There are 2 protein chains.
Amino acid sequence: MLHDPAQLDLMFQALADPARRLMVDRLSRGPASVSQLAEPLAMSLSAVVQHLNVLEASGLVRTEKLGRVRSCQIEPQALRAAEHWISERRLAWERRLDRLGDFLAETKDES
Amino acid sequence: MLHDPAQLDLMFQALADPARRLMVDRLSRGPASVSQLAEPLAMSLSAVVQHLNVLEASGLVRTEKLGRVRSCQIEPQALRAAEHWISERRLAWERRLDRLGDFLAETKDES
DNA sequence: ACAATAGTGAAGTATTTACTTCAGTATTGC
DNA sequence: GCAATACTGAAGTAAATACTTCACTATTGT
């Protein structure tokens, strides 16, 4: 589920906003309520909730409501999925460069 | 330069589109021209060029024009910057869980 | 020289995004 | 019970996005 293109769309889209990245950053230090996430942000609480919904739809954040407070947590598997997509492409590139280096070294030997 | 928030906005935004991810994926296997990038995509060449401009503005791709063909390459440092942002937050989360585990183990010893 | 190739640039349009405000609901503490 | 707290939801708006088409320029192969 986590590797399908639509989910990656949502995750990268979610990370493309500085307010949302700040929220993820805050959550990486531990769970927080909506108000706690909102506190450093210069926008209405409504706007923060909308950002939070984007994060939740992307799978990056999971929330649970206890009484009147909504507690938010990072979903590390989703972070890992996004990280993985990038690192696979970077590694493919680097492996290619390595092979190219080997090839050049070999043809040099044969000269 | 690569860690400033605006650059991360552009990189994650660039990765949030499936056509652009396909282009990055293709480039991870080696350099390609605009037409080669366009070939698997069901859209006009103009649209592809616009996607390519987004990728270039984000720093993920570098292009160079030789004659009438524009050759495109991945910029691995930019991929690394995006990857790094994510992994730092994931690691912060995991370290926190570890500390929490240690704490729980200790308090259990003391019971 | 000419045709085919490879890409560029400007408009135009439909959709999505990132907010706002305002009015509402459900919990909690006294 | 009542006020304060912690959200929730709907509507509205300005700007950004993801395309399209069409007209155009620069380069290459014959």
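The structure presented is a predicted model; accordingly, all values stated were derived computationally and were not measured. Numbers restart at 1 for each chain; the letters A, B, ... are given by sequence-line order, proteins then strands.
For B/R21 (side chain) and A/P5 (main-chain N/O), a donor-acceptor pair under 3.5 Å exists by modelled atom type.
Atom CZ of B/R20 is separated from atom C1' of D/dA18 by 8 Å (rounded to the nearest Å). Computed from coordinates, the A/L10 CG to C/dT16 C1' distance equals 13 Å when rounded to whole Å. The distance from atom CG of A/L15 to atom P of C/dT17 is 15 Å, rounded to the nearest whole Å. Straight-line distance from the CG atom of B/D17 to the C1' atom of C/dT17: 15 Å, rounded to whole Å.
Within residues 43-71 of chain B, the residues having any heavy atom under 4.0 Å from DNA chain D are, by residue number, B/M43, B/S44, B/S46, B/A47, B/Q50, B/H51, B/G67, B/R68. Within a heavy-atom distance below 4.0 Å of DNA chain D, the residues of residues 21-40 of chain A found are A/S33, A/V34, A/S35.
Taking the side chain to side chain donor-acceptor pair (under 3.5 Å) definition, one finds that A/E56 meets it with A/T63, A/R70, sequence neighbours left out. B/Q13 meets the side chain to side chain donor-acceptor pair (under 3.5 Å) test with no other residue; sequence neighbours excluded. Under the side chain to side chain donor-acceptor pair (under 3.5 Å) criterion, B/R29 pairs with B/D25, not counting sequence neighbours. Partners of B/R26 according to the side chain to side chain donor-acceptor pair (under 3.5 Å) rule, which considers only residues two or more places apart in sequence or in another chain, do not exist here.
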For residues 39-52 of chain A, please give each side-chain donor-acceptor pair under 3.5 Å, one per line with the distance, not counting sequence neighbours.
| residue | atom | partner | partner atom | Å |
| --- | --- | --- | --- | --- |
| A/S44 | OG | A/A47 | N | 3.1 |
| A/H51 | ND1 | A/R20 | NH1 | 3.1 |

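Applying the salt bridge (Lys or Arg N to Asp or Glu O under 4.0 Å) definition to pairs two or more places apart or across chains, those involving residues 59-68 of chain B are B/R62-B/E75. Sorted by first and then second residue, the salt bridge (Lys or Arg N to Asp or Glu O under 4.0 Å) pairs with a member in residues 40-54 of chain B form an empty list; sequence neighbours excluded.
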